[in-house]
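Reading through the structure tokens given below for one structure.
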Amino acid sequence: MPKKASRGAKPPKARTAGQSSSPADQKSLHGETAKTADLAGDTVGPGQILSSNQGLKISDDQNSLRAGVRGPTLLDDFHLREKITHFDHERIPERVVHARGAAAHGVFQVYEDLSDLTMAGLLTDPSRRTPVFVRFSTVAGSRGSSDCARDVRGFAVKFYTDEGVWDLVGNNMPVFFIQDAIKFPDLIHAVKPEPNNEIPQAASAHDTFWDFVSLTPESTHMLMWVMSDRALPRSFAMMEGFGVHTFRLVNAAGKARFVKFHWKPLKGVQSLVWDEAQKISGKDPDFNRRDLFEAIERGDYPEWEFGLQIVEEQDEFAFGFDLLDATKLIPEELVPVRRVGRLTLNRNPDNFFAETEQVAFHTGHVVPGIDFTNDPLLQGRLFSYLDTQLRRVGPNFAELPINRPLNPVHNNQRDAMGRVTINSGRVSYFPNRLGDGCPMHAPGAADAFVSYAERVDGEKIRARSDSFADHFSQATQFWNSMSDWEQAHIAEAFAFELNQVESEDVRHHVMNEILVNVADALAQAVSEQTGIAVAPVGTAANPTPSAPTPSGPLKPKAKRLSSPALSQDKPGDTIKGRKIAILGGDGVDARQLKAVTDALTAEAALVELIAPRAGTIADSAGQSQKVNRAAVNAPSVVYDAVVVPGGASAAELATSGLAIHFINEAYRHGKPIACIGEGRALLDASAVGKVGAADGVVVGETAAAIEGLMAALLQHRFPRRAIAGVPA
Ligand code: HDE
């Protein structure tokens with residue numbers, strides 16, 4: 001076995017744990033010849049000679065074997081056949097959902113001993129650094145789709161604990177569309193591209209999705225999240241994560257409590273805006289993936305605090321909703337999130353396929369001290385994930401380096417496609433005498449898993465508890481908790497999606513069986529932007545509901561619900577990792593350029609100098625400055641803010657359509673704009689110049705402009721700007 005520290009402990013490019021990578025294991029696999037084999041991986045390096053998979057040195061790999069230089073290729077070219085056939089088989093099935101993702105290694109450490117709550121070793125020993133592998137994903141799109149689709153983000157964490165692997169397979173939203181796993185194939189069929197023409201890719205803005213949700217009122221709360229800016233994370237490092245279901249923590253005395261798991265990003269929760277996200281999808285479809293990779297490469301490690309919401313068993317029914325219902329969250333104001341540990345991602349995968357693609361999460365992977373509840377969504381997931389890995393990665397998926405536990409595996413499972421372990425001996429059954437009764441059971445061992453002995457008693461029925469029936473109150477709570485601009489973005493998102501829907505029937509039902517039950521203001525705003533009339537159920541225009549499980553209208557007291565913790569309208573406390581464009585050119589003011597660059601990099605923000613062409617420019621002091629990107633390669637949408645220094649370049653930029661577009665677009669997307677001295681010429685030439693003073697638009701001399709810029713960056717975006725007259 002590899003040393004534990006080799007998995008994500010710290011940047012040194014330690015190889016991902018692989019049972020066969022250590023000399024001891026090589027020996028057990030291949031006897032004395034093992035020293036030549038390194039099954040854990042092969043890095044291209046000096047002195048290596050090209051060989052076939054059979055170990056044969058290859059003299060020429062660029063010309064196939066032919067009969068004469070212009071003759072046919074010969075069938076006995078075994079090297080050509082091996083190379084091409086291996087290539088033909090390079091792809092494995094993409095994930096049926098969450099196909100597009102990016103991942104990183106890291107480490108988790110708990111702050112204090114939580115043994116009062118759980119016996120899980122990773123949560124009781126503050127000195128333990130548990131290696132992790134975390135994969136973020138979008139749900140609906142294919143592997144090659146854009147990062148910035150409006151969608152839920154997966155947030156799946158594999159903890160390689162001393163007691164075995166724990167997979168916490170969560171999302172960046174705390175609730176889900178459906179209450180029962182049996183509906184999942186329907187939900188996914190509805191949201192995926194339509195089956196007749198495979199359109200649209202990675203988008204919920206089409207008829208089948210809205211048809212389904214209009215008939216599934218339990219999805220309303222989740223719809224609110226997906227139509228909010230939470231569905232457009234600025235960075236994986238700037239989104240929250242949630243275990244979604246209610247789980248159980250069990251301590252060594254056997255006492256259980258309910259728990260909701262949270263991840264709180266130390267960079268704060270920040271989003272894109274919809275127009276920006278759509279444009280990034282074309283300009284840089286790898287936007288979030290690139291951000292994650294580059295941040296880790298430069299040592300700006302994404303971090304989250306791990307949070308627990310604990311509910312005592314006797315309080316199971318204290319909330320007015322069912323803890324087993326995954327369409328509900330527990331407001332943080334009712335049960336505070338206790339921050340108990342930290343996750344740090346500090347190493348990029350070496351190989352996307354071997355790690356990010358082949359990693360196989362399974363909600364059934366828990367460790368002693370963590371257990372399930374009867375949430376019917378979770379219960380379905382418990383078999384779905386194992387099933388999907390068997391099909392997608394294969395029956396021996398758990399043997400792959402990225403999926404292996406740190407501790408040894410001994411059992412009587414054998415064979416199947418792609419088996420790596422060479423089990424010796426003749427015993428592969430239990431009970432046995434020939435193998436000394438091994439591998440033995442561990443009934444009394446403190447670190448053995450024993451399911452929580454929950455009492456289960458019930459009739460075999462297909463029915464849902466009445467306590468799952470209120471589908472609108474928490475949707476309204478979400479709406480009530482939003483600031484004015486967040487509500488505006490939600491209404492605009494519903495309108496955008498419904499304007500893509502062709503069926504008037506579907507549009508009508510979404511409005512009159514879903515939105516009217518969330519909030520009048522929401523229904524009204526969407527109606528104005530879509531032309532769909534508001535005609536609630538029971539009125540002459542809409543006499544009967546069509547949803548088979550109507551929740552009934554909004555409960556009057558829900559109108560007062562609010563959970564301020566849900567709003568993103570909070571200034572951040574760091575600008576680490578934000579990307580700022582400096583628009584320059586020959587003659588750019590040298591002192592201003594240096595001052596603003598120094599101020600931003602001192603705060604670990606990223607600065608890119610953009611000029612009309614790549615290469616270098618000469619600043620006002622005659623010094624050569626490296627251009628990071630040529631203007632045509634540098635759209636405003638991939639930056640968080642823009643700075644225009646003075647100098648001779650400013651007047652030239654003021655005549656550039658690209659530069660004017662850059663400013664207009666950054667303004668529309670609410671981004672900080674800072675013009676230093678003569679840099680204001682570009683602002684005046686843009687449509688922003690006609691708007692007059694606006695939040696987050698800073699004009700001044702060097703020190704004042706930098707001060708204003710830094711404050712504006714902490715605010716992230718200025719979504720209340722008047723943008724109607726600004727084209728982009
Ligand atoms: Fe998943 N989900 N899911 N899901 N899910 C998969 O497993 C499934 C659900 C989530 O980065 C699949 O390996 C069912 C909720 C993430 O590899 C599959 C149901 C939550 C990932 C599957 C749900 C999630 C998946 C597809 C309804 C948040 C990506 C490929 C009961 C708590 C993991 C795979 C990765 C992936 C099934 C609902 C999160 C098919 C049946 C709720 C983050 O097994």
Side-chain angles (χ1 to χ4, degrees), residues 92-105 132-143 147 151-158 165-192 216 218-219 221-222 225-226 230 233 236 239-247 259-263 288-289 292 324-329 349 352-366 372-394 397-398 400 402-403:
I92 58 175
E94 69 171 32
R95 289 166 172 83
V96 58
V97 282
H98 296 267
R100 181 169 180 82
H105 295 271
V132 298
F133 188 68
V134 181
R135 184 173 180 273
F136 305 105
S137 47
T138 51
V139 180
S142 299
R143 256 191 80 182
D147 280 349
D151 200 350
V152 188
R153 298 299 183 286
F155 193 132
V157 182
K158 188 177 281 291
V165 167
W166 175 30
D167 289 338
L168 181 54
V169 198
N171 280 341
N172 75 330
M173 298 177 188
V175 291
F176 202 65
F177 292 99
I178 47 173
Q179 297 171 321
D180 188 321
I182 200 166
K183 291 186 169 201
F184 193 63
D186 300 296
L187 166 70
I188 299 306
H189 288 174
V191 73
K192 282 267 187 181
T216 312
E218 71 201 57
S219 65
H221 187 197
M222 183 65 166
W225 283 83
V226 179
R230 297 276 185 149
F236 292 136
M239 61 185 202
E240 289 183 294
F242 303 89
V244 176
H245 312 279
T246 303
F247 287 86
V259 63
K260 293 269 194 192
F261 295 117
H262 294 250
W263 295 110
N288 289 141
R289 168 185 289 200
L292 176 69
L324 304 185
D325 173 359
T327 68
K328 305 295 184 301
L329 57 81
F352 189 92
F353 178 81
E355 301 179 86
T356 310
E357 203 52 21
Q358 292 200 125
V359 66
F361 293 94
H362 175 22
T363 40
H365 287 160
V366 288
F372 315 116
T373 60
N374 294 331
D375 171 345
L377 194 70
L378 173 59
Q379 298 272 317
R381 293 180 74 204
L382 292 179
F383 74 82
S384 176
Y385 287 70
L386 177 58
D387 182 39
T388 212
Q389 309 314 349
L390 294 174
R391 149 98 183 112
R392 188 177 71 84
V393 193
F397 74 88
L400 296 176
I402 195 64
N403 295 321

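Remember, it's 1-based here, ligands and their atoms both numbered in the order they're listed. Numbering of residues begins at 1 and proceeds along the displayed sequence. Values in this document were obtained by computation on a predicted structure and should not be read as measured data.
Here is the list of ligand 1 atoms found below 4.0 Å of a heavy atom in L377: 27 (C), 31 (C), 42 (C). Near Q389, with a cut-off below 4.0 Å to any heavy atom, the atoms of ligand 1 are 13 (O), 34 (C). Interface of A181 with ligand 1, defined as ligand atoms under 4.0 Å from a residue heavy atom, comprises 31 (C). Within the listing of ligand 1, atoms 11 (O), 17 (O), 33 (C), 35 (C) sit less than 4.0 angstrom from a heavy atom of F361. The atoms of ligand 1 that sit less than 4.0 Å from any heavy atom of F155 are 43 (C). Set against the non-hydrogen atoms of R135, the atoms of ligand 1 under 4.0 Å away are 11 (O), 17 (O), 35 (C).
Annotation: atom 43 (C) of ligand 1 to nearest protein heavy atom, G170 O, 3.1 Å. Nearest non-hydrogen protein atom to atom 40 (C) of ligand 1 is V96 CG1, 3.5 Å. The closest protein non-hydrogen atom to atom 17 (O) of ligand 1 is R95 NE, 2.7 Å.
Here the side chain of K260 pairs a donor or acceptor atom with the backbone of V244 at under 3.5 angstrom. For the pair D180 (side chain) and I182 (backbone), a donor-acceptor distance under 3.5 Å is present. Using modelled atom types, one side-chain atom of N172 and one backbone atom of R153 make a donor-acceptor pair closer than 3.5 Å. Using modelled atom types, no side-chain atom of D167 and backbone atom of V169 make a donor-acceptor pair closer than 3.5 Å. Within the 3.5 Å criterion, the main-chain N or O of D151 finds no donor-acceptor partner in the side chain of T138. Between the side chain of E355 and the backbone N or O of I402, no donor-acceptor pair lies under 3.5 Å. In this structure, E218 contributes its side chain and I178 its backbone to no donor-acceptor pair below 3.5 Å.
Of the listed residues (N171, V175, V393), the one carrying the non-hydrogen atom nearest atom 28 (C) of ligand 1 is N171.
Side-chain contact between F184 and F176 is present, with at least one heavy-atom pair separated by less than 4.5 Å.
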For residues 356-363, please give each side-chain donor-acceptor pair under 3.5 Å, one per line with the distance, not counting sequence neighbours.
{"from": "H362", "atom 1": "ND1", "to": "G364", "atom 2": "N", "distance (Å)": "3.1"}
{"from": "T363", "atom 1": "OG1", "to": "R381", "atom 2": "O", "distance (Å)": "3.0"}

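For atom 1 (Fe) of ligand 1, the count of nearby protein N, O or S atoms, meaning those under 2.8 Å away, is 1.
Listed by chain and residue number, F236, R289, L292 satisfy the side chain to side chain contact (heavy atoms under 4.5 Å, CB included) test with A102 (two or more places apart in sequence, or in another chain). For F261, the ring-ring contact (aromatic ring centres under 6.0 Å, His included) test picks out W166, F247, F306, with sequence neighbours left out.
At a 3.5 angstrom cut-off on N or O pairs, R392 does not count as close to ligand 1. Residue H245 has no nitrogen or oxygen atom sitting less than 3.5 Å from a nitrogen or oxygen atom of ligand 1, judged on distance alone.
With rounding to the nearest 0.5 angstrom, the CG atom of N171 is 13.0 Å from the CZ atom of R230.
For F242, no heavy-atom contact with ligand 1 is shorter than 4.0 Å. Proximity of T388 to ligand 1, defined as any heavy-atom pair under 4.0 Å, is confined to the side chain (atoms from C-beta onward).
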Starting from the C-alpha separation in whole Å, work towards a yes-or-no answer on side chain to side chain contact (heavy atoms under 4.5 Å, CB included) for F136 and M239.
CA-CA 10 Å; F136 305 105; M239 61 185 202; 3.6 Å; yes

